[in-house]
There are 2 protein chains.
Amino acid sequence: MIDKAERLLAVKSVKPTSVRILVLAHLLKDAKAQSLKDLEVSLYNTDRSSIFRTLKTFEEYKVVHSIDDGSGMMKYAVCAEGCNCDPKDLHYHFYCTNCSLTYCLLDNPIPIVTLPENFKMHQANMVIKGLCDKCP
Amino acid sequence: MIDKAERLLAVKSVKPTSVRILVLAHLLKDAKAQSLKDLEVSLYNTDRSSIFRTLKTFEEYKVVHSIDDGSGMMKYAVCAEGCNCDPKDLHYHFYCTNCSLTYCLLDNPIPIVTLPENFKMHQANMVIKGLCDKCP
DNA sequence: CAATGCCATGCAACCCGATTGCAAAGGTTA
DNA sequence: TAACCTTTGCAATCGGGTTGCATGGCATTG
Ligand SMILES: [Mn+2]
Ligand SMILES: [Mn+2]
Ligand SMILES: [Zn+2]
Ligand SMILES: [Zn+2]
């Protein structure tokens, strides 16, 4: 995962510092959307603000995208290959209200929504809430 | 608006106290989604926590629904007539990144999303972000 | 009417995720 | 080596949301 992280950082032109490699490797390893706190707990000897700023950098360089799933904590997930975080790359997210896991539903494109006259869409945050397949 | 608020509270079986009438009248008057802070500023002689608890009560009794538009503040909007806050009453919301207004897009039903096997949808928060018709 | 009980309200304090200021550490370049 | 820029760690702060507690208002009961 370390190698994979380093390669991905190179592709995205982000300088591969130690914190960045660790954070990205962890996001790649547990292939689920993770919060700042999740990462803080997992990388317990790395400072929270460093992880925070790393995530901001990752967002800026389209390494990860953030998901506001309504849980109160922003979640971060590695962007799929080819993703540029454009409207066309938008996808649904599913938040399990039981286990708190957040999933990227990459298979369903989000539909074109007919907006009122002269409204322009730039981004979207589409979250479906319910129970995942591992929860009762 | 005061009358309308009192009538609506009666319909929803919520005891019409002074704070509740004021809050609901204000939500009805400015027919847009408003945050706790918005209401706090408008009803400057009413306590924040009272407004907060009023909004919680309104949610519980399906008087209003809340919208997490990603602005960092929860927004509240009066439910349309006949709304029971069931999945069938879900609708898109539009958040203008310029003027920070949040609109209920009541005309577009949200589509049925094909979920992975054994995932069950209970709720959803669908927010489209961009520019509204009053913004450049 | 007085006593009781319940719910709503106001105020202050707290919680917690997010964010920032600042100095030290690392690495790069001249 | 010296100057410079970026990253990191630590501590403090911010801000929306939430809660504990005492008071107030109102209705019910005796
Ligand atoms: Mn995703
Ligand atoms: Mn709405
Ligand atoms: Zn689950
Ligand atoms: Zn606007």
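Lettering follows sequence order; numbering is per chain, from 1.
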Length of the line joining B:L39:CG and D:dG17:C1', which is rounded to integer Å: 14 Å
Length of the line joining A:K56:NZ and D:dT7:P, which is rounded to integer Å: 16 Å
Distance flag, aromatic centroids of B:F58 and B:Y76, threshold under 6.0 Å: no
Atom pair distance, as rounded to whole Å: CG in B:L22 and P in C:dA8: 16 Å
Carboxylate-amine/guanidinium proximity below 4.0 Å for B:E59 and B:K56: yes
Any B:K37 side-chain N or O less than 4.0 Å from OP1/OP2 of D:dG16: yes
Side chains of A:L39 and A:L55 in contact at under 4.5 Å (non-hydrogen atoms): yes
A:H65 and A:H93 aromatic ring geometry - parallel, tilted or perpendicular at 30°/60° bounds: tilted
Donor-acceptor pair, side chain of A:D47 and main chain of A:S49, under 3.5 angstrom: yes
Whole angstrom value for the distance that separates C1' of D:dT8 from CG of A:L43: 14 Å
A:I21 CD1 - C:dG27 P separation (whole Å): 12 Å
Nearest-nucleotide pick for A:M73, side chain only, options being C:dG10, D:dG9, C:dA18: C:dA18
For atom CE of B:M74 and atom P of D:dG17, their distance in whole Å: 8 Å
Residue mapping more 5' on DNA chain D - nearest nucleotide basis, B:S35 or A:T17: A:T17
Whole-Å gap separating C1' (D:dT6) and CD (A:E60): 13 Å
Gap between atoms NZ and C1', on A:K15 and D:dT8 respectively (whole Å): 12 Å
A:K4 atom NZ: more than 12 heavy-atom contacts under 6.0 Å: no
Those residues of residues 44-55 of chain A lying under 4.0 Å from DNA chain D by at least one heavy atom: A:T46, A:D47, A:S49, A:S50, A:R53
